[in-house]
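Down below is the structure, laid out as structure tokens.
Note that this is a predicted model, so its numbers are computed, not measured.
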Amino acid sequence: MIAIRRRVARSLVTTAVLALAVGGCGLGAELDRERNPEQTQPEKKPPSTPPAVSVAPVPERSAPVLTQEAGGCPSSGVRIDTGPVNAAMGLRAMTLTLTNCGERPYELNGYPSITVLDEAGDPFQEVRTVEGTEQVPMAGDAPGPEPLTLEPGETAQAGLVWRMHAEDGVYLRVTSQKGRDTVTVRSRETLDIGPDNVLGTSPWKPLE
């Protein structure tokens with residue numbers, strides 16, 4: 001009987017020790033609350049929010065300017081090109097050429113119609129193209145137009161004049177005469193003509 005009581009007693013002691021080991025943390029916290037009932041639990045800080053990452057907008061790219069086909073003969077049967085810019089005392093002059101690269105005669109009678117475009121392909125709104133050169137200071141007079149016919153392989157030329165200004169024109173939108181197709185060409189040299197100015201034109205003449 002004595003041995004049985006000792007084994008029971010040891011079993012009870014072991015159980016109590018395990019209970020204290022498992023619940024020690026909870027018991028310790030409970031005893032602290034009993035000794036200091038006004039003790040408050042530390043506030044839990046909310047998880048920090050990472051700073052927002054700003055993304056720089058991607059700049060829009062200008063659409064490419066569609067120009068006359070490089071090399072060969074365009075579908076219109078004529079090719080338009082520009083010459084170098086000649087400068088003297090603020091007066092600028094350029095030659096515009098039109099070559100009949102097709103297989104049929106090409107008739108001309110009058111002045112080219114020109115719109116000057118900047119690097120982005122936008123027109124200078126205040127640059128006026130006029131027939132003749134009288135409205136351009138120091139340019140003098142130009143002879144009037146005469147009808148001509150270009151046989152395949154022949155070239156005509158017209159003159160462009162303007163006064164020097166602050167902004168450069170890069171492209172020319174050219175119509176050889178009313179009712180004909182318009183073509184955009186990149187000038188061999190820039191035209192310092194913008195943002196407002198007058199572009200005088202002389203009529204088409206056979207290239208001599």
Side-chain angles (χ1 to χ4, degrees), residues 55-102 104 106-139 142 145 148 150 154-205 207:
V55 179
V58 178
E60 295 184 358
R61 295 183 177 180
S62 300
V65 180
L66 299 178
T67 59
Q68 175 181 253
E69 300 96 323
C73 185
S75 58
S76 61
V78 295
R79 169 168 290 280
I80 296 176
D81 295 293
T82 65
V85 175
N86 298 316
M89 299 179 63
L91 181 66
R92 303 291 192 257
M94 173 186 287
T95 299
L96 193 68
T97 61
L98 183 152
T99 301
N100 182 359
C101 58
R104 296 180 298 178
Y106 189 86
E107 296 181 355
L108 287 171
N109 185 11
Y111 299 82
S113 177
I114 310 289
T115 301
V116 185
L117 314 178
D118 61 17
E119 178 68 37
D122 297 321
F124 288 111
Q125 299 293 343
E126 301 302 323
V127 172
R128 296 184 300 109
T129 301
V130 296
E131 296 181 352
T133 58
E134 295 81 2
Q135 298 186 42
V136 180
M138 297 180 63
L148 71 150
L150 297 179
E154 293 184 339
T155 299
Q157 63 181 4
L160 309 179
V161 292
W162 68 95
R163 297 293 299 179
M164 177 184 67
H165 217 305
E167 297 182 16
D168 288 341
V170 177
Y171 302 94
L172 297 178
R173 187 179 296 156
V174 183
T175 304
S176 60
Q177 62 186 39
K178 292 181 180 179
R180 296 291 177 84
D181 293 338
T182 299
V183 62
T184 300
V185 297
R186 187 181 183 98
S187 178
R188 183 189 300 186
E189 297 182 16
T190 58
L191 290 72
D192 50 353
I193 194 172
D196 59 276
N197 212 329
V198 176
L199 177 66
T201 62
S202 64
W204 294 109
K205 298 290 182 181
L207 180 64

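Of all non-hydrogen atoms in Trp204 and Tyr111, the two that sit nearest each other are NE1-C, 4.1 Å. Ser202 and Ala158 get closest at one heavy-atom pair: O-CB, 3.3 Å. The nearest pair of heavy atoms linking Gly194 to Val127 is CA-CG2, 4.3 Å. Nearest approach of Leu108 to Ala156, heavy atoms of both residues: CD1-CB, 3.9 Å. The minimum heavy-atom distance between Ile114 and Thr129, with the atom names listed, is O-OG1, 2.6 Å. Annotation for Leu91 and Pro137: closest pair CD1-O, 3.8 Å, computed over non-hydrogen atoms.
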- [ ] Give the intermediate values and the outcome of side-chain contact (heavy atoms from CB on, under 4.5 Å) for residues Arg180 and Ser113.
- [x] CA-CA 10 Å; Arg180 296 291 177 84; Ser113 177; over 6 Å; no
Task: From CA spacing to verdict: side-chain contact (heavy atoms from CB on, under 4.5 Å), Leu199, Val130 - done: CA-CA 6 Å; Leu199 177 66; Val130 296; over 6 Å; no
Open item on the list: Before you tell me yes or no, could you show the steps for Thr82 and Glu189 under side-chain contact (heavy atoms from CB on, under 4.5 Å), namely the whole-Å CA-CA distance, both residues' side-chain angles and the distance that decides it to 0.1 Å?
Closed with: CA-CA 8 Å; Thr82 65; Glu189 297 182 16; over 6 Å; no
Open item on the list: For Arg163 and Ile193: C-alpha separation, side-chain torsions, deciding distance, then whether side-chain contact (heavy atoms from CB on, under 4.5 Å) applies.
Closed with: CA-CA 7 Å; Arg163 297 293 299 179; Ile193 194 172; over 6 Å; no
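With values rounded to the nearest 0.5 angstrom, Leu160 atom CG is found 11.0 Å from Thr133 atom OG1. We find the CG-OG distance between Asp181 and Ser75 to be 7.5 Å, quoted to the nearest 0.5 Å. The CE atom of Met94 sits 8.0 Å away from atom OG1 of Thr190, with the distance rounded to the nearest 0.5 Å. The line from CG of Asp196 to CD of Glu167 is 9.0 Å long, rounded to the nearest 0.5 Å. For the atom pair OG of Ser187 and CG of Leu117, the computed distance is 11.0 Å after rounding to the nearest 0.5 Å.
Checked by atom type and distance alone, the side chain of Thr175 never pairs as donor or acceptor with a backbone atom of Gln177 at under 3.5 Å. For the pair Gln157 (side chain) and Leu96 (backbone), a donor-acceptor distance under 3.5 Å is absent. A distance-only check finds a donor-acceptor pair linking the side chain of Gln68 to the backbone of Ile80 [under 3.5 Å]. Side-chain atoms of Arg79 come within 3.5 Å of backbone N or O of Gly72 as a donor-acceptor pair.
Remark: the Tyr171 side chain and the Thr115 side chain contain no N/O donor-acceptor pair separated by less than 3.5 Å. Remark: the Thr67 side chain and the Thr184 side chain contain no N/O donor-acceptor pair separated by less than 3.5 Å. Judged purely by distance below 3.5 Å, without hydrogens or angles, the side chains of Thr99 and Thr155 pair a donor atom with an acceptor atom.
Between Leu191 and Trp162 there is a side-chain heavy-atom pair separated by less than 4.5 Å. Side-chain contact between Pro74 and Cys101 is present, with heavy atoms from C-beta onward closer than 4.5 Å. In this structure the side chain of Glu154 never reaches within 4.5 angstrom of the side chain of Tyr106, judged on heavy atoms. At a threshold of 4.5 Å between non-hydrogen side-chain atoms, the residues Thr182 and Val174 do not count as touching.
Every pair passing salt bridge (Lys or Arg N to Asp or Glu O under 4.0 Å) that includes a residue from residues 106-123 is listed here, sequence neighbours excluded: Glu119-Arg186. Residue pairs meeting the salt bridge (Lys or Arg N to Asp or Glu O under 4.0 Å) criterion with at least one partner in residues 88-102, sequence neighbours excluded, are Arg92-Asp192.
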